[in-house]
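Residue numbers start from 1 in every chain, and the chains themselves are labelled A, B, ... in the order their sequence lines are given, proteins ahead of strands. We use all heavy atoms of the structure for the numbers below, so side chains are in, but hydrogens, waters and symmetry mates are not. Because the structure is predicted, anything quoted here is derived from the model rather than measured.
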Amino acid sequence: MLDAKLIRANPEKVAEDLKKRYLTGVLDNFLVLDEKRRNILGKVEDLKGFRNSSSQEVGKMKKEGKDPAELMEKVRQVGQEIKDLDEELKNIENQLEQILLNIPNIPHESVPVGEDDKSNVEIRKWGEPTQFSFPAKAHWDIGPDLDILDFERAAKLSGARFTVYKGMGARLERAIINFYLDLHTSKHGYKEILPPFMVTGDCMLGTGQLPKFAEDMFKLQGRDMYLVPTAEVPLTNMYRGEILEAADLPIYVTAYTPCFRAEAGSHGRDTRGIIRQHQFNKVELVKLVEPDKSFEELEKLTADAEEVLQMLELPYRVVLLSSGDTGFSSAKTYDLEVWMPGYNDYKEISSCSNCVDFQARRANIRYRPAPKAKLQYVHTLNGSGVAIGRTVAAVLENYQQEDGSVIVPEVLRPYMGGQRVITK
RNA sequence: GGAGAGAUGGCCGAGUUGGCUGAAGGCGCUCGCCUGCUAAGCGAGUAAGCGGUUUAAAGCUGCUUCGAGGGUUCGAAUCCCUCUCUCUCCGCCA
């Protein structure tokens with residue numbers, strides 16, 4: 001959520017910034033309503049002031065044995081007027097809130113302006129695309145051939161966009177989860193969290209999934225509860241409504257969760273394999289930091305995510321998303337894209353974002369910079385550290401052998417009972 | 001699922017015959033005093049949000065907020081209704 005005061009004080013600048021998101025006109029109605037709001041607010045506050053002082057006066061008169069009937073009648077009438085104005089005010093404030101909740105974050109000045117991913121900028125590259133002396137297969141062939149991924153039976157259970165992992169496939173998924181969590185907790189200083197996988201609508205509002213992206217999520221029938229689309233939601237919302245001490249910051253937390261996404265509007269995209277699923281596993285990194293450190297922390301968080309790919313020796317590149325491609329809540333996002341021989345291209349495996357105060361304002365997460373200082377919103381960051389299912393796909397494709405077997409990356413072997421290769 | 005208790009400021013915790021209570025007291029924190037240093041002690045200060053005033057900040061000032069929403073009343077932390085959550089006991093259960 002943007003700061004209403006900022007919009008009011010500098011509407012041209014905000015409008016200019018939102019143009020980078022290819023949004024126009026969203027502020028016009030806001031300014032009109034905001035003006036109206038202050039108008040009514042002034043009136044109703046005056047009336048309430050009168051009511052307060054008069055009510056005290058009534059008490060005093062009663063004590064002194066005077067008859068307050070006339071004053072009481074007057075205040076009763078004012079009370080009705082207040083009620084009407086309050087209702088009008090509430091109406092306007094609801095409208096203002098809806099507008100604010102639907103405006104995305106402003107891109108940081110370092111973000112390239114552009115409509116979509118065509119304007120993304122490659123920042124750096126690690127490793128070279130894997131070369132094969134034989135025709136490389138895609139993971140949706142490797143997996144079934146090794147009998148470690150079963151798409152047909154998954155479809156029988158749950159329909160499209162689900163996968164059953166079997167044998168060493170399931171073991172590989174579990175190994176990667178543990179490897180990631182161990183690395184981030186022991187080396188990068190994150191605290192491991194195991195959150196609920198269902199959260200309330202307030203949480204979804206807090207991190208920006210609601211109200212705009214309701215159709216992307218799985219909602220429980222008849223309840224104000226959603227399956228988490230990413231651990232970013234529970235991890236960030238753990239601190240919702242809290243006032244933190246400066247000494248508490250920075251907060252680094254990580255969690256493994258399954259992620260559930262309806263994938264509305266992506267029919268026909270990535271229909272094969274485990275790249276785009278309704279349910280996938282992910283280890284997420286979340287930080288709550290002081291405002292002046294957040295962009296520096298974004299670099300560190302991105303590096304933390306990159307390290308897992310380096311240790312797995314998977315070639316990847318880091319891409320800075322353009323303004324149009326950056327997510328709703330984010331001010332600046334780096335995507336990590338891993339090399340996938342099956343696509344002969346890089347595929348997103350992590351997205352690392354600095355949401356600055358956007359989520360903190362929605363979720364009301366503040367801190368006191370110094371004793372006696374005014375409260376300020378923290379800055380929140382999140383990044384995949386990294387997606388598990390896509391890691392499995394990348395391992396299968398990059399580590400495949402001519403005989404159809406798959407070498408287990410060295411760092412995963414301790415998690416795989418020492419096994420060096422997955423064979424049929 | 002049944003019975004009961006509760007939800008107050010950064011934290012703990014008073015306050016329910018409705019009215020100088022935005023809220024006693026304590027902890028924590030800040031400043032000052034004291035002290036060779038530390039601790040202890042003494043004194044003062046210390047909620048947030050939204051408006052107005054102001055070039056801006058500070059200050060001053062109004063309104064709102066005692067889990068959420070509604071109601072009664074001239075006036076509600078205090079009375080009534082609905083909901084949410086927490087705790088205790090019973091039942092069921094991985």
Side-chain angles (χ1 to χ4, degrees), chain A residues 1-10 13 30-101 194-206 210 220 222-226 234 237-249 251 288 290 357 360-378:
Chain A
M1 192 155 65
L2 299 184
D3 186 356
K5 276 186 205 153
L6 179 77
I7 299 177
R8 191 184 301 143
N10 214 337
K13 171 83 171 78
F30 179 89
L31 292 170
V32 173
L33 284 167
D34 184 61
E35 178 68 35
K36 218 164 154 186
R37 169 178 175 269
R38 267 174 302 158
N39 230 310
I40 296 173
L41 192 62
K43 265 191 241 171
V44 80
E45 282 187 357
D46 282 348
L47 292 176
K48 283 180 181 174
F50 171 75
R51 181 174 69 182
N52 288 346
S53 57
S54 300
S55 294
Q56 272 186 15
E57 185 64 24
V58 167
K60 226 182 268 173
M61 286 171 82
K62 279 192 172 171
K63 233 176 235 170
E64 290 165 3
K66 295 179 191 159
D67 179 16
E70 196 181 325
L71 186 56
M72 281 165 70
E73 178 53 30
K74 200 165 170 192
V75 178
R76 199 196 323 263
Q77 284 166 13
V78 170
Q80 187 54 48
E81 219 175 314
I82 289 172
K83 214 170 160 183
D84 295 343
L85 285 172
D86 262 344
E87 202 166 314
E88 202 178 334
L89 194 63
K90 202 168 154 191
N91 192 334
I92 290 171
E93 281 175 346
N94 283 341
Q95 289 182 56
L96 282 167
E97 201 190 353
Q98 282 310 308
I99 292 173
L100 281 180
L101 285 175
L194 184 59
F197 300 160
M198 295 180 238
V199 295
T200 62
D202 283 340
C203 293
M204 292 299 202
L205 210 66
L210 286 180
L220 301 197
R223 283 171 168 268
D224 182 33
M225 293 279 272
Y226 298 80
N237 277 284
M238 281 205 297
Y239 303 96
R240 192 173 78 243
E242 293 193 15
I243 294 172
L244 306 166
E245 294 301 323
D248 297 336
L249 302 177
I251 290 172
L288 276 65
E290 296 191 71
D357 60 354
R361 182 169 284 110
R362 287 175 164 248
N364 200 24
I365 308 172
R366 294 170 295 175
Y367 82 109
R368 202 176 295 283
K372 282 194 127 173
K374 256 191 90 163
L375 296 179
Q376 268 189 42
Y377 291 108
V378 301

Study note, to complete from the structure: A:Q77 CD to B:U73 P, in whole Å, measures 15 Å
**Study point:** Integer angstrom distance from the P of B:U55 to that of B:U38
**Key:** 46 Å
Review point. Between A:E242 (CD) and B:C11 (C1'), how many Å, whole number?
Key: 12 Å
Practice item. Rounded off to whole Å, could you give me the CG-to-P distance for the A:L47 and B:C63 pair? Key: 12 Å
Point to revise | Gap between atoms CZ and P, on A:F50 and B:G62 respectively (whole Å) | key: 16 Å
Review point. Does the side chain of A:R37 get closer than 4.0 angstrom to OP1 or OP2 of B:G51 through an N or O atom?
Key: yes
**Study point:** A:R38 vs B:G52: side-chain N/O to OP1/OP2 distance below 4.0 Å
**Key:** yes
Exercise for review: Pick base, sugar-phosphate or nothing for A:N52, based on heavy-atom distances below 4.0 Å to the nucleic acid.
Suggested key: sugar-phosphate
**Study point:** A:K90/A:D86 salt bridge by N-O under 4.0 Å criterion
**Key:** no
**Study point:** Short side-chain N/O contact to B:A48 OP1/OP2 from A:R368, under 4.0 Å
**Key:** yes
**Study point:** Reference residue A:R37; test salt bridge (Lys or Arg N to Asp or Glu O under 4.0 Å); the match among A:E97, A:E88, A:E93
**Key:** A:E93
Practice item. Ignoring backbone atoms, test whether A:K43 places a side-chain nitrogen or oxygen under 4.0 Å from the OP1 or OP2 oxygen of B:C63. Key: no
Review point. Phosphate oxygens OP1/OP2 of B:G70: is one of them under 4.0 Å from a side-chain N or O of A:K90?
Key: yes
Review point. At under 4.0 Å between heavy atoms, what does A:G42 touch on the DNA or RNA strands: base, sugar-phosphate, or nothing?
Key: nothing
Exercise for review: With P as the reference atom in both, quote the distance from B:C79 to B:U17 in angstrom, rounded to an integer.
Suggested key: 8 Å
Review point. Closer than 4.0 Å, any side-chain N/O of A:R8 to the OP1 or OP2 of B:G51?
Key: yes
Practice item. Assign A:K63 to base, sugar-phosphate, or nothing according to its heavy-atom contacts below 4.0 angstrom with the strands shown. Key: nothing
Check your understanding: A:Y367 OH to B:C29 P: how many Å, rounded?
Key -> 20 Å
Exercise for review: Work out which heavy atom in A:N237 is nearest to a heavy atom in A:A363; give both atom names and the distance.
Suggested key: OD1-CB, 4.3 Å
Check your understanding: When A:Q80 is tested against each of A:D84, A:V78, A:I82 for side-chain contact (heavy atoms from CB on, under 4.5 Å), which residue passes?
Key -> A:D84
Point to revise | Along RNA chain B (nearest heavy atom to each residue), the more 5'-positioned of A:R76 and A:Q56 | key: A:Q56
